[in-house]
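Inspection log for the structure reproduced underneath, given as structure tokens.
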Amino acid sequence: MKPMILVIAILALLQTSNAASPIFPPKSVQSLLKPILDLRAQAESSEGGKQQAAFAKSEKLIANLFQMKTRTSDEALVVLMNFYVGESLQPDLVHQVTLRGKRMLPLLLKYKSASVAFADRKYPRSLLLADDIRQMGFDNAIDSIRTGKVFGPE
């Protein structure tokens with residue numbers, strides 16, 4: 001009987017060790033994303049005009065991020081794929097990642113199975129995408145880039 005308990009304990013330990021390990025993006029990436037995520041968190045806890053203003057400001061910052069063409073902005077876009085940025089912006093985010101091409105693959109693979117964490121911020125879990133939707137976004141981006149395509153309309 002005792003060996004069976006040991007086997008169950010080992011299996012439980014193996015399953016918990018397969019859980020997504022936290023990754024702390026570089027400070028430069030965090031500095032691009034914190035204003036966006038702070039506004040998203042603010043919008044979640046607000047109502048009416050204040051909520052709409054926070055959403056609008058965050059969307060403007062995301063649009064600015066789309067225009068940046070640096071390694072830091074590349075990584076920021078991939079990290080942002082872990083968060084809910086709105087119905088209309090979610091596909092645009094994957095589209096922008098795939099537009100950048102093969103240089104994005106190492107970043108996509110790095111963040112695909114990890115949970116993103118910020119050293120000095122704790123964002124509400126409600127800002128994170130559901131794991132199945134997050135995985136689908138990463139898989140779509142990886143598959144598109146590997147086949148030389150751009151996800152979404154050109």
- request: Would you mind reporting whether Leu77 and Met68 have side-chain heavy atoms less than 4.5 Å apart?
  value: no
CD1 of Ile145 to CG of Leu105, rounded to nearest 0.5 Å, is 5.0 Å
Paired with Asp74, the salt bridge (charged side-chain N to carboxylate O under 4.0 Å, His left out) test is passed by just one of Lys102, Arg100, Lys110, namely Arg100
Indicate yes or no for a side-chain donor-acceptor contact from Tyr123 to the backbone of Ser126 under 3.5 Å, with no hydrogens or angles considered.
no
Item to check | Minimum side-chain heavy-atom gap Gln90-Ile133 below 4.5 Å | outcome: no
Exercise. When hydrophobic residues are tied together by side-chain contacts of less than 4.5 Å, even through go-betweens, does Phe66 share a cluster with Leu107?
Worked result: yes
Check your understanding: Under the 3.5 angstrom rule, does the side chain of Asn82 hit a backbone N or O of Val79 as a donor-acceptor pair?
Key -> yes
Hydrophobic cluster identity match, Ile142 and Met136, side-chain contacts under 4.5 Å: no
**Prompt:** Would you call Arg134 and Leu128 a side-chain contact if the rule is heavy atoms closer than 4.5 Å?
**Reply:** no
Separation between CG (Asp139) and CG (Asp132), nearest 0.5 Å, reads 11.0 Å
Is the shortest side-chain N to carboxylate O distance from Arg146 to Asp143 below 4.0 Å?
no
**Request:** Step through the shown structure and confirm whether more than 12 heavy atoms of other residues, nucleotides or ligands are within 6.0 Å of NZ on Lys34.
**Result:** yes
Scanning both residues in full, the closest heavy-atom pair of Phe151 with Ser144 reads CB-OG, 3.7 Å
| message | Could you tell me if the side chain of Lys149 sits less than 4.5 Å from the side chain of Thr98, heavy atoms only? | response | no
Between Val97 and Met81, the two heavy atoms sitting closest are CG2-SD, 3.7 Å
(message) Does atom NZ (Lys122) have a neighbourhood of more than 12 heavy atoms from anything else shown, all under 6.0 Å?
(response) no
Exercise. Check the hydrophobic clustering (I, L, V, M, F, W, Y; side-chain heavy atoms under 4.5 Å; chains of links allowed) and say if Phe118 and Val85 are grouped together.
Key: yes
What one should report as the nearest heavy-atom pair of Pro25 and Val116 is CG-CG1, 3.8 Å
Q: Would you sort out whether Gln42 and Lys50 count as a side-chain contact (heavy atoms from CB on, under 4.5 Å), showing the intermediate values?
A: CA-CA 9 Å; Gln42 178 187 341; Lys50 193 172 184 179; 3.9 Å; yes
Evaluate the side-chain proximity of Leu33 to Arg121: yes if any heavy-atom separation is below 4.5 Å, no if none is. no
- Are the aromatic rings of Phe138 and Tyr111 close, with centres under 6.0 Å apart? no
Of all heavy-atom pairs linking Leu65 and Ile36, the shortest is CD2-CD1, 4.2 Å
**Message:** Treating Thr72 as the side-chain partner and Ser28 as the backbone partner, does any N or O pair qualify as donor plus acceptor under 3.5 Å?
**Reply:** no
Distance col, row Gln135:CD vs Ser113:OG, nearest 0.5 angstrom, shows 5.5 Å
Check your understanding: Is Arg40 close to Glu59 at the side-chain level, that is, under 4.5 Å between some pair of heavy atoms?
Key -> yes
One should read off an interatomic distance between Asp120 CG and Phe24 CZ, to the nearest 0.5 angstrom, of 10.0 Å
For this session: Decide yes or no for Leu80 and Leu37: does some side-chain heavy atom of the first lie under 4.5 Å from some side-chain heavy atom of the second?
Result: yes
**Asked** Do any N or O atoms from the side chain of Gln30 and from the backbone of Ala76 form a donor-acceptor pair under 3.5 angstrom?
**Response** no
Note to self: According to a hydrophobic-cluster definition based on side-chain heavy atoms being under 4.5 Å apart (Ile, Leu, Val, Met, Phe, Trp, Tyr only), do Met104 and Ile23 belong together?
What the structure shows: yes
Practice task
Check the hydrophobic clustering (I, L, V, M, F, W, Y; side-chain heavy atoms under 4.5 Å; chains of links allowed) and say if Leu99 and Leu109 are grouped together.
Solution key: no
Residues Leu39 and Leu61: closest non-hydrogen pair is CD1-CD1, 3.7 Å
